[in-house]
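Heads up, the thing below is written out as structure tokens.
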Amino acid sequence: MRFYYRTINVRGRDLINTAIGNTPLRKCNFLSASYNSQIYIKDESHNPGKSSKDRAAWFMMEDAIRNEKIKPGGTFVEASSGNTGISIAILARKMGYRAKIFVSKTCSQEKLRILESYGAEVELCDNSRGMHIFNSTQYLAQAYAANTENAYFTNQYYNSANIKAHYKTTGPELWQQSEQAVTHMLIGVGTGGSISGIGRFLKEQNRQIKIWGVEPVRSVYQGFVETGMVPEFQELHDAIEGIGRTFIPGAFDPQVVDRIFQVDAEESKDIAKQYYAQTNQLIGYSSAAVLACLEKYKEEMNLKEEDQLILFFPDHGDRYIQKLYKEKKSQSSKIYNSL
Ligand SMILES: Cc1ncc(COP(=O)(O)O)c(C=O)c1O
């Protein structure tokens, strides 16, 4: 397989040479048999920073460096559920910059340790409820960048380079790897960058491809896609790391999304354990939410045998050992019992 080697040449100097993207797309025979259709997994844990967020981090940082929004040695600042922060920390370190990452206190211990290991300065915040909430990751990150010399807020929630990363890399990869046969995509929605970039690219190739999103119950994307209005904030949505919002970010493009499904945190945890028991694979929390969605809505999805559904797995289960795999055994009835 060909890898994309990406470099930024600034004033005659290559700042980085790394391989982001071209992650494997593999058929999951176990799921294909369970749901009687062709099911593939796009495994983004094969990126150098072990998540899909390497793509967005690279595009946002390259744009900032190339367009001199930050000077050498400056500080990249981001509000993150952890993965974007890790990707930024790794890239910043390689290129001679610093990283200051604002994460919500719900972030997994594993991600916090990784962030620190890559030299990021970490700030724990009360919530991630958007730029207008004074104790949110987004507000505090923006305020920090505005008040710090040579600091740049990458702002994944509103940075068009976030969508562009997936439009330019993930979308074309999926189209090529599926040999132009993908019919459905199921993707967790956090900033909206992945679903929007992938959705935009795939729909340009074939308007019939269904682009489906997954979010936790009480998150706002479903209401927004269905009514065009942002639902009134009532109760906070279930905490599934990486997905779900209380506001609609600029990185989300509803034009390329057919439907948003909602799942519980508990049903996601349950299915992660059951999937592990069946396949020996530890999957991330939002990947588990994608599986929980497939199980919960299989009747409505009405997949045919010839359909090719791609499940987007943004990271690996080793970032959620405490949250997903250390806790008590699954309480619910066995989903995959029949196999
Ligand atoms: C584990 C995980 N899943 C899903 C997402 C959502 O991706 P996006 O922000 O592109 O919507 C993220 C984003 O941080 C994530 O870290």
Side-chain angles (χ1 to χ4, degrees), residues 23 41-45 47 49-60 78-89 101-104 106-108 110-112 114-115 128 130 137-138 154-167 169-171 185-201 211-216 219-221 224-225 237-245 247-254 256-257 260 263 265 268 272 282-293 311-320 323-324:
T23 53
I41 290 172
K42 179 68 166 166
D43 189 349
E44 288 286 287
S45 68
N47 277 303
K50 299 190 179 171
S51 87
S52 55
K53 304 305 288 206
D54 277 2
R55 300 174 189 263
W58 172 257
F59 271 69
M60 294 189 297
E78 185 54 291
S80 165
S81 65
N83 281 335
T84 310
I86 291 170
S87 301
I88 286 177
I101 310 298
F102 292 77
V103 296
S104 148
T106 55
C107 180
S108 78
E110 291 91 337
K111 282 191 203 153
L112 290 175
I114 298 168
L115 274 168
S128 56
T137 53
Q138 295 91 349
T154 38
N155 200 0
Q156 58 172 333
Y157 292 91
Y158 293 93
N159 191 332
S160 58
N162 180 3
I163 298 188
K164 191 174 170 191
H166 295 285
Y167 179 78
T169 69
T170 333
M185 283 288 319
L186 193 52
I187 314 175
V189 190
T191 64
S194 311
I195 196 168
S196 305
I198 293 169
R200 195 176 286 173
F201 182 85
I211 305 294
W212 290 334
V214 185
E215 66 174 357
S219 172
V220 296
Y221 285 113
F224 182 63
V225 166
H237 58 79
D238 269 20
I240 300 179
E241 265 179 68
I243 60 172
R245 290 265 73 83
F247 63 97
I248 302 295
F252 178 68
D253 178 2
V256 297
V257 177
I260 302 281
V263 294
S268 305
L282 299 172
I283 56 169
Y285 209 157
S286 66
S287 312
V290 163
L291 286 185
C293 177
L311 308 177
F312 195 66
F313 280 15
D315 65 359
H316 195 272
D318 58 11
R319 295 193 167 167
Y320 312 92
K323 281 192 177 181
L324 291 183

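Just follow the structure's listing: the first ligand is 1, and inside any ligand the first atom is 1.
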Below 4.0 angstrom from a heavy atom of P314, which ligand 1 atoms are there? Numbered from 1 as shown, please.
-> 2 (C), 3 (N), 4 (C)
Residue and atom name of the nearest protein heavy atom (relative to atom 8 (P) of ligand 1), distance in Å to one decimal | T191 OG1, 3.4 Å
Could you pull out the closest heavy-atom pair between Y157 and A79, with the gap in Å?
-> CE1-O, 3.9 Å
Work out which heavy atom in E110 is nearest to a heavy atom in Y320; give both atom names and the distance.
-> OE2-C, 3.7 Å
Short list, please: which atoms of ligand 1 are under 4.0 Å from a heavy atom of G193?
-> 10 (O), 11 (O)
Classify the side-chain pair T191/R245 by whether it contains a donor and acceptor separated by less than 3.5 Å.
-> no
If you measure from the Lys or Arg side-chain nitrogens to the Asp or Glu carboxylate oxygens, is any gap between E241 and R319 under 4.0 Å?
-> no
Of I211, I163, V189, which meets side-chain contact (heavy atoms from CB on, under 4.5 Å) against S196?
-> I163
Number the atoms of ligand 1 from 1 as they appear, then name those within less than 4.0 Å of a heavy atom of D315, with their elements.
-> 1 (C)
If we number the atoms of ligand 1 from 1 as shown, the ones under 4.0 Å from a heavy atom of S81 are 14 (O), 16 (O)
Atoms in ligand 1 with a heavy atom of V189 nearer than 4.0 Å | 11 (O)
Among all protein non-hydrogen atoms, which one is nearest to atom 13 (C) of ligand 1, and what is the separation to 0.1 Å?
-> K53 NZ, 3.2 Å
Identify, for atom 3 (N) of ligand 1, the protein heavy atom at the shortest distance, and state residue, atom and that distance.
-> S286 OG, 2.6 Å
Numbered atoms and elements of ligand 1 in range of G192, under 4.0 angstrom, heavy atoms | 8 (P), 9 (O), 11 (O)
Identify, by atom number and element, the atoms of ligand 1 in contact range of I243, meaning under 4.0 Å from any of its heavy atoms.
-> 4 (C)
the protein heavy atom lying closest to atom 10 (O) of ligand 1 turns out to be S194 OG, 2.5 Å
About how many Å separate CZ of R55 and CG of N162, when rounded to the nearest 0.5 Å?
-> 12.0 Å
When distances are taken from atom 12 (C) of ligand 1, the protein heavy atom at minimum range is G242 O, 3.4 Å
In Å, rounded to the nearest 0.5 Å, how long is the span from CG of D43 to CZ of F312?
-> 10.0 Å
Tell me, which protein residue and heavy-atom name are nearest atom 16 (O) of ligand 1, and how many Å apart are they?
-> N83 ND2, 3.0 Å
Please work out whether the ring planes of F252 and Y221 are parallel, tilted or perpendicular, with thresholds of 30° and 60°.
-> tilted
Within 4.0 Å of some non-hydrogen atom of Y320, the atoms of ligand 1 are 1 (C)
Euclidean distance, N83 CG relative to N47 CG, rounded to 0.5 Å = 10.5 Å
